[in-house]
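Report on the following structure.
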Amino acid sequence: MNEHQTLMMEYYELWGRMDDVYDHWAKARGISYTELLFLYTLWETDRPITQRDLCQRWHLPKQTVNSILHALAKREIVVFKESTQDHRRKEILLTTQGMRLAQTVIRELQTHELEVIQTIGISSMRAMLKETKRFLDAFEEVKP
(Lines give C-alpha, C1' and ligand atoms only; values in the text may rest on other atoms or scores of the structure.)
Protein backbone atom coordinates (compact mmCIF):
# COMPACT_ATOMS: atom_id res chain seq x y z
CA MET A 1 0.00 0.00 0.00
CA ASN A 2 1.38 3.42 -0.90
CA GLU A 3 1.32 6.48 1.38
CA HIS A 4 -1.82 7.92 -0.23
CA GLN A 5 -3.73 4.71 0.37
CA THR A 6 -2.44 4.50 3.94
CA LEU A 7 -3.53 8.08 4.65
CA MET A 8 -6.98 7.47 3.20
CA MET A 9 -7.39 4.25 5.18
CA GLU A 10 -6.54 6.18 8.35
CA TYR A 11 -9.04 8.88 7.35
CA TYR A 12 -11.77 6.25 6.82
CA GLU A 13 -10.92 4.68 10.18
CA LEU A 14 -11.32 8.04 11.94
CA TRP A 15 -14.53 8.80 10.04
CA GLY A 16 -15.99 5.47 11.17
CA ARG A 17 -14.83 6.02 14.76
CA MET A 18 -16.52 9.44 14.79
CA ASP A 19 -19.82 7.86 13.78
CA ASP A 20 -19.34 5.05 16.32
CA VAL A 21 -18.55 7.44 19.18
CA TYR A 22 -21.70 9.50 18.59
CA ASP A 23 -23.81 6.40 17.91
CA HIS A 24 -22.68 4.80 21.18
CA TRP A 25 -23.28 8.07 23.07
CA ALA A 26 -26.82 8.37 21.63
CA LYS A 27 -27.72 4.72 22.26
CA ALA A 28 -26.65 5.08 25.91
CA ARG A 29 -29.44 7.70 26.12
CA GLY A 30 -32.06 5.55 24.41
CA ILE A 31 -31.98 7.14 20.95
CA SER A 32 -30.25 6.44 17.66
CA TYR A 33 -27.47 8.56 16.19
CA THR A 34 -29.80 9.88 13.49
CA GLU A 35 -32.49 10.71 16.05
CA LEU A 36 -29.81 12.64 17.95
CA LEU A 37 -29.01 14.64 14.80
CA PHE A 38 -32.69 15.44 14.26
CA LEU A 39 -33.25 16.41 17.90
CA TYR A 40 -30.19 18.64 17.73
CA THR A 41 -31.46 20.34 14.59
CA LEU A 42 -34.97 20.85 15.94
CA TRP A 43 -33.65 22.09 19.29
CA GLU A 44 -31.11 24.54 17.87
CA THR A 45 -33.13 25.95 14.95
CA ASP A 46 -35.47 28.86 15.47
CA ARG A 47 -37.32 28.45 12.19
CA PRO A 48 -39.74 25.79 10.95
CA ILE A 49 -38.02 22.60 9.81
CA THR A 50 -39.35 20.29 7.10
CA GLN A 51 -38.39 16.80 6.03
CA ARG A 52 -36.62 18.31 3.04
CA ASP A 53 -34.53 20.49 5.38
CA LEU A 54 -33.41 17.44 7.34
CA CYS A 55 -32.58 15.55 4.15
CA GLN A 56 -30.41 18.41 2.92
CA ARG A 57 -28.79 19.18 6.28
CA TRP A 58 -27.75 15.61 7.06
CA HIS A 59 -27.39 14.29 3.48
CA LEU A 60 -29.87 11.48 4.04
CA PRO A 61 -32.41 9.94 1.66
CA LYS A 62 -36.03 11.04 1.95
CA GLN A 63 -37.18 7.52 2.84
CA THR A 64 -34.72 7.29 5.76
CA VAL A 65 -35.74 10.69 7.13
CA ASN A 66 -39.42 9.85 6.72
CA SER A 67 -39.06 6.55 8.60
CA ILE A 68 -37.18 8.14 11.49
CA LEU A 69 -39.62 11.04 11.77
CA HIS A 70 -42.61 8.72 11.87
CA ALA A 71 -40.91 6.61 14.55
CA LEU A 72 -40.32 9.80 16.57
CA ALA A 73 -43.96 10.81 16.04
CA LYS A 74 -45.14 7.39 17.23
CA ARG A 75 -43.12 7.94 20.43
CA GLU A 76 -44.73 11.40 20.72
CA ILE A 77 -41.41 13.24 20.39
CA VAL A 78 -42.41 15.17 17.25
CA VAL A 79 -45.62 16.21 15.53
CA PHE A 80 -46.30 17.34 11.98
CA LYS A 81 -48.05 20.61 11.22
CA GLU A 82 -49.11 21.92 7.83
CA SER A 83 -46.79 24.70 6.68
CA THR A 84 -48.37 28.14 6.47
CA GLN A 85 -46.13 28.97 3.50
CA ASP A 86 -46.62 25.80 1.47
CA HIS A 87 -49.64 23.63 2.28
CA ARG A 88 -48.01 20.62 0.59
CA ARG A 89 -45.25 20.56 3.20
CA LYS A 90 -45.36 19.65 6.83
CA GLU A 91 -43.30 21.35 9.50
CA ILE A 92 -41.78 19.16 12.18
CA LEU A 93 -42.19 20.34 15.74
CA LEU A 94 -40.99 18.95 19.05
CA THR A 95 -43.79 17.98 21.42
CA THR A 96 -43.54 18.91 25.10
CA GLN A 97 -42.06 15.46 25.70
CA GLY A 98 -39.71 15.98 22.74
CA MET A 99 -38.57 19.36 24.10
CA ARG A 100 -37.78 17.81 27.48
CA LEU A 101 -35.83 15.00 25.82
CA ALA A 102 -33.97 17.36 23.50
CA GLN A 103 -33.16 19.79 26.30
CA THR A 104 -31.72 17.01 28.45
CA VAL A 105 -29.84 15.15 25.73
CA ILE A 106 -28.56 18.14 23.74
CA ARG A 107 -27.38 20.02 26.79
CA GLU A 108 -25.57 16.92 28.03
CA LEU A 109 -24.00 16.45 24.59
CA GLN A 110 -22.92 20.09 24.40
CA THR A 111 -21.38 19.90 27.88
CA HIS A 112 -19.47 16.77 26.89
CA GLU A 113 -18.30 18.30 23.60
CA LEU A 114 -17.15 21.43 25.44
CA GLU A 115 -15.10 19.29 27.81
CA VAL A 116 -13.51 17.54 24.83
CA ILE A 117 -12.67 20.87 23.16
CA GLN A 118 -11.16 22.12 26.40
CA THR A 119 -9.08 18.93 26.60
CA ILE A 120 -7.68 19.15 23.06
CA GLY A 121 -7.60 22.95 22.96
CA ILE A 122 -9.56 25.41 20.89
CA SER A 123 -6.69 25.98 18.47
CA SER A 124 -6.51 22.23 17.74
CA MET A 125 -10.26 22.17 17.18
CA ARG A 126 -10.05 25.10 14.78
CA ALA A 127 -7.14 23.47 12.93
CA MET A 128 -9.06 20.19 12.60
CA LEU A 129 -12.12 21.98 11.20
CA LYS A 130 -10.04 24.11 8.85
CA GLU A 131 -8.17 21.14 7.40
CA THR A 132 -11.28 18.98 7.14
CA LYS A 133 -13.02 21.78 5.25
CA ARG A 134 -9.98 22.19 3.01
CA PHE A 135 -9.99 18.46 2.22
CA LEU A 136 -13.72 18.47 1.43
CA ASP A 137 -13.48 21.62 -0.71
CA ALA A 138 -10.62 20.07 -2.70
CA PHE A 139 -12.53 16.78 -3.03
CA GLU A 140 -15.54 18.62 -4.46
CA GLU A 141 -13.38 20.54 -6.93
CA VAL A 142 -11.76 17.44 -8.40
CA LYS A 143 -14.14 16.07 -10.99
CA PRO A 144 -14.41 12.26 -11.23
Side-chain angles (χ1 to χ4, degrees), residues 1-83 86 89-144:
M1 205 182 308
N2 66 37
E3 184 177 14
H4 297 98
Q5 291 169 314
T6 302
L7 289 171
M8 289 312 304
M9 290 305 292
E10 186 174 347
Y11 178 76
Y12 296 144
E13 171 73 21
L14 292 173
W15 181 359
R17 277 184 61 200
M18 176 81 79
D19 284 349
D20 284 346
V21 165
Y22 277 88
D23 184 58
H24 180 72
W25 193 93
K27 282 185 177 157
R29 281 136 192 97
I31 59 175
S32 73
Y33 175 45
T34 311
E35 289 171 338
L36 175 65
L37 297 177
F38 291 5
L39 283 175
Y40 200 105
T41 303
L42 292 165
W43 179 254
E44 289 293 323
T45 305
D46 57 357
R47 64 175 185 79
I49 296 289
T50 64
Q51 180 174 317
R52 174 183 274 179
D53 296 328
L54 290 170
C55 290
Q56 291 173 342
R57 168 84 189 260
W58 297 111
H59 310 281
L60 293 169
K62 182 179 176 182
Q63 185 64 31
T64 300
V65 172
N66 188 52
S67 295
I68 293 166
L69 288 174
H70 280 86
L72 289 171
K74 189 174 182 179
R75 291 175 22 219
E76 298 181 353
I77 293 171
V78 300
V79 292
F80 303 99
K81 179 185 138 200
E82 187 177 289
S83 171
D86 182 348
R89 297 207 178 160
K90 300 229 185 287
E91 295 172 355
I92 303 148
L93 304 169
L94 290 170
T95 62
T96 302
Q97 179 178 326
M99 283 191 262
R100 280 195 304 267
L101 175 65
Q103 180 177 11
T104 301
V105 171
I106 301 309
R107 284 190 177 161
E108 185 181 352
L109 176 61
Q110 289 172 333
T111 299
H112 186 68
E113 289 171 331
L114 178 61
E115 290 171 5
V116 171
I117 291 169
Q118 289 171 338
T119 299
I120 68 170
I122 198 144
S123 61
S124 292
M125 186 70 182
R126 283 188 181 126
M128 179 194 72
L129 293 173
K130 178 183 174 185
E131 293 305 319
T132 302
K133 182 181 182 322
R134 201 173 107 181
F135 177 87
L136 292 172
D137 289 347
F139 192 96
E140 289 174 340
E141 285 179 20
V142 176
K143 302 292 181 210

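Among residues two or more places apart in sequence or in another chain, the salt bridge (charged side-chain N to carboxylate O under 4.0 Å, His left out) test is passed with Arg47 by Asp53. Residues passing the ring pair (Phe, Tyr, Trp, His ring centres under 6.0 Å) test with Tyr33, sequence neighbours excluded: none.
Of the possible polar contacts, one joining the Gln5 side chain to the Asn2 backbone as a donor-acceptor pair under 3.5 Å is found. His70 places a side-chain N or O within 3.5 Å of a backbone atom of Asn66 that can act as its donor or acceptor partner. In this structure, Arg29 contributes its side chain and Trp25 its backbone to a donor-acceptor pair below 3.5 Å. Remark: the backbone N or O of Arg75 is paired with a side-chain donor or acceptor of Gln97 at under 3.5 angstrom.
Defined by atom type and a distance below 3.5 Å, a donor-acceptor pair is missing between the side-chain atoms of Asp20 and His24.
For the atom pair CD (Glu82) and NZ (Lys90), the distance works out to 5.5 Å, reported to the nearest 0.5 Å.
No more than 12 heavy atoms of other residues, nucleotides or ligands lie within 6.0 Å of CD in Glu3, so this atom counts as exposed by the packing criterion. Counting non-hydrogen atoms of other residues, nucleotides and ligands closer than 6.0 Å to CD of Glu76 gives a total of 12 or fewer.
Under the 4.5 Å side-chain criterion, counting only non-hydrogen atoms from C-beta, Leu101 is in contact with Ile31. You'll find the side chain of Leu39 stays beyond 4.5 Å of the side chain of Leu72, heavy atoms only.
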